[in-house]
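Note that this is a predicted model, so its numbers are computed, not measured. Heavy atoms only: backbone and side chains are in, while hydrogens, waters and symmetry mates are out.
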Amino acid sequence: ARSSRDFSIARGAMTAELPTASSSSKGLSYKQLDRRIRAALQLQPECLRIVPEAEFDGQQPRGDWLELFRSSAPYVAMFRGSIMVFHVPGHLLSQELSGQLEGLMADISLCILLGVRPVIVVSLEDQVSSRLEAEGYGPAYSEEGRIRLNGDGLQILKQEAGQAFAEIEGVFGRLRRGALPGALSLPPRSDDFQGSFSVFASAHLVAASRLRAKGSELLGRVKAVDAAQIQRRLRDADVVCLTSLAMASSGEVLFVPSELVATEVAKTLGAAKLIFFTRGERIVDERRKQVVPTMQVSDARALVEYAKQEGSGFQEPYSVQVLGYLEQLLEALAGGTRRGHLISASKGALLQELYTTDGSGTLVSKDLYDGIRLAHSRDVAGILELIEPLVARGKLRRRSGKEVELTCKSREMFVWQRDQATIACATLQSFSDDPGKAELGCYVVSPSCRGRGHGAVLLSYMERVALVQGVKTLFLLTTQTMQWFVERGFQEGSLADLPPSKRDTYDASRSSKIY
């Protein structure tokens with residue numbers, strides 16, 4: 001059985017109660033009930049806050065190392081061969097934070113060994129603005145918040161870009177030599193070892209056009225990204241490194257804010273992930289006093305819009321920066337990037353976010369649940385067609401059309417439809433003699449969709465619905481797929497864990513395991 005406090009994807013979600021079929025939902029239409037479910041799944045922007053690192057107690061993954069190692073296996077397989085764009089804040093290149101930079105690069109290098117193809121975009125804003133002011137070029141930023149960069153500052157820009165490239169290459173070099181205490185020692189590059197790599201850095205990978213901005217002659221916007229060159233380098237096991245430097249068609253060097261570079265590169269490459277590293281800030285839901293682990297695009301957009309209102313409480317510089325990252329993630333997702341992340345740059349946070357169910361930061365994604373809804377009587381034929389192959393192989397209990405229809409009418413059956421075809425289904429059955437428990441059943445994903453994350457998305461949705469219904473423990477009976485559910489937090493239970501009415505109807509001849 002799986003307790004609601006262990007729902008990894010659904011944690012920190014909602015406090016609203018969903019009416020059950022036995023109460024006020026009887027008078028609601030399917031559309032009204034679906035609307036209530038959707039509303040309950042949404043975050044409330046007025047309850048969210050961006051918390052600086054000093055106010056955050058930290059969040060450690062649960063379980064011993066063996067459990068965590070086993071549970072990471074699906075993520076390793078999922079991300080192998082994926083392109084990820086990492087935006088590294090410039091403050092990490094300072095001498096005082098060199099250890100934090102080395103820890104972050106060690107984490108990225110481990111991702112590389114696990115099959116990730118990385119593009120690293122290093123911010124130059126902090127270094128360039130500090131030097132402009134220190135060398136007497138006046139205020140580094142205009143009233144509009146844009147960096148002031150004219151011809152006199154070009155040399156500073158080039159120097160800082162070269163320093164950033166050298167620093168990243170130096171860290172990876174020390175990792176290859178095993179010269180960093182406590183860090184992973186990387187093997188030297190060789191033709192017969194695909195896990196080795198070198199760093200490729202060039203300003204010519206990003207083409208820019210001049211942005212007409214008062215007081216900043218060298219400010220540009222991304223015009224094009226050399227995707228073919230980047231992908232070729234990634235296939236050759238190189239780490240591609242970019243900065244705010246970009247080349248205009250005239251051959252002059254322009255400055256493009258690194259966040260925009262990272263976003264455009266992620267969009268052009270169709271990256272699996274765009275990751276912004278913060279200074280330790282997290283988005284926290286004040287209702288539950290915990291990090292918001294996942295945000296749908298609609299929730300993220302609502303937070304950005306709410307933060308723009310006067311008196312919203314998001315005026316601190318660190319909040320403005322994190323919200324800026326959030327806006328870039330929204331643009332990247334709209335342009336084809338699959339996922340976005342806001343993660344602390346502290347050592348281990350990246351690995352925890354990518355390879356554990358608990359995560360460490362905030363994942364931003366498109367509407368994962370698009371197409372999942374309560375089933376209607378008209379869905380019966382599609383459900384029967386979907387489950388029949390598993391029934392024929394003895395993996396699923398046979399259900400008649402009338403039984404499925406009654407389950408739909410009692411609002412316990414959910415379907416996932418794409419292009420008018422049923423690609424997945426599941427039931428969520430509550431029990432009047434034990435209202436804190438619910439059974440997850442008839443859990444089926446079409447063979448054409450398996451191995452692509454649909455099962456995990458459907459489970460997340462069912463967990464969220466269970467939470468809004470006030471369910472404390474979710475259980476299931478299975479004969480074949482125990483390991484898949486164990487990897488997602490379920491634990492083996494016993495007959496005594498079932499509600500009395502379920503115990504009375506338990507079919508011992510099927511030898512179903514209880515989780």
Side-chain angles (χ1 to χ4, degrees), residues 75-88 104-105 107-123 161 164-165 168-169 171-172 175-176 186-209 220-249 253-254 256-277 328-329 331-341 350 354 365-366 451-453:
Y75 301 104
V76 173
M78 188 186 306
F79 300 147
R80 187 178 295 121
S82 297
I83 296 174
M84 296 188 188
V85 179
F86 301 94
H87 179 270
V88 177
L104 178 58
M105 291 301 110
D107 288 350
I108 292 177
S109 68
L110 181 54
C111 293
I112 296 169
L113 293 179
L114 294 174
V116 170
R117 297 177 177 180
V119 177
I120 298 175
V121 181
V122 185
S123 173
F165 286 144
I168 298 298
E169 170 62 29
V171 172
F172 279 117
L175 283 167
R176 282 195 293 269
L186 302 177
R189 183 180 176 87
S190 63
D191 293 336
D192 59 348
F193 184 75
Q194 296 180 353
S196 57
F197 52 84
S198 61
V199 178
F200 176 79
S202 174
H204 291 271
L205 296 174
V206 177
S209 58
R221 62 164 64 91
V222 176
K223 185 178 179 181
V225 175
D226 191 346
Q229 169 85 304
I230 293 175
Q231 288 170 337
R232 184 164 60 251
R233 292 290 179 175
L234 293 175
R235 285 195 299 271
D236 290 342
D238 286 333
V239 176
V240 175
C241 187
L242 304 170
T243 67
S244 297
L245 251 64
M247 303 301 296
S249 56
V253 176
L254 295 177
V256 180
S258 57
E259 297 89 346
L260 305 187
V261 173
T263 300
E264 291 302 321
V265 169
K267 287 165 59 178
T268 304
L269 297 178
K273 293 182 182 291
L274 170 58
I275 297 172
F276 283 102
F277 294 104
Q328 293 304 312
L329 291 178
E331 183 174 336
L333 265 60
T337 304
R338 293 201 290 275
R339 301 282 189 276
H341 294 261
L350 172 63
L354 294 183
S365 63
K366 298 174 185 176
R452 294 161 54 187

Lys366, NZ atom: more than 12 neighbouring heavy atoms under 6.0 Å: yes

Separation between CG of Leu329 and CZ of Phe276, rounded to the nearest 0.5 Å: 5.5 Å

Worked verdict on Ile230 versus Val119 for side-chain contact (heavy atoms from CB on, under 4.5 Å): CA-CA 8 Å; Ile230 293 175; Val119 177; 4.0 Å; yes

Residue pair Ser82 / Val116, side-chain heavy-atom distance below 4.5 Å: no

Heavy-atom side-chain contact between Leu354 and Lys273 under 4.5 Å: yes

Rounded distance (nearest 0.5 Å) linking atom CG of Leu350 with atom CD1 of Ile275: 5.5 Å

side-chain contact (heavy atoms from CB on, under 4.5 Å) evaluation trace for Ile120 with Val122: CA-CA 6 Å; Ile120 298 175; Val122 185; 4.0 Å; yes

Glu331/Lys267 ion pair, N-O < 4.0 Å: yes

Parallel, tilted or perpendicular, as decided by the 30° and 60° cut-offs, for the rings of Phe277 and Phe86: parallel

CG on Leu242 to NE2 on His87, rounded to 0.5 Å: 11.0 Å

Spacing of CG belonging to Leu333 relative to CZ belonging to Arg338, to within rounding of 0.5 Å: 10.5 Å

Chi angles and distances behind the side-chain contact (heavy atoms from CB on, under 4.5 Å) call for Ile108, Met84: CA-CA 10 Å; Ile108 292 177; Met84 296 188 188; over 6 Å; no

Closest non-hydrogen atom pair, Arg221 against Val256: N-CG2, 4.0 Å

Closest non-hydrogen atom pair between Ser109 and Phe172, with its separation: CB-CE2, 4.0 Å

Minimum heavy-atom distance between Ile83 and Gln231, given as atom pair plus value: CD1-CG, 4.5 Å

Pairwise distance OG1(Thr337) to CG(Leu274) - rounded to 0.5 angstrom: 6.0 Å

Approximate separation, where rounding is to 0.5 Å, of Gln328 CD and Glu264 CD: 8.0 Å

Which atom of Lys223 lies closest to which atom of Ser209, heavy atoms considered: CB-N, 4.1 Å

Exercise: identify the closest heavy-atom pair between Ala262 and Val85: O-CG1, 3.8 Å

Closest contact, heavy atoms only, Ser258 versus Val121: O-CG1, 3.7 Å

Side-chain donor or acceptor of Ser123 paired with backbone N/O of Val88 under 3.5 Å: no

Step-by-step side-chain contact (heavy atoms from CB on, under 4.5 Å) determination, Gln229 to Phe200: CA-CA 11 Å; Gln229 169 85 304; Phe200 176 79; 4.1 Å; yes

Minimum side-chain heavy-atom gap Leu114-Phe79 below 4.5 Å: no

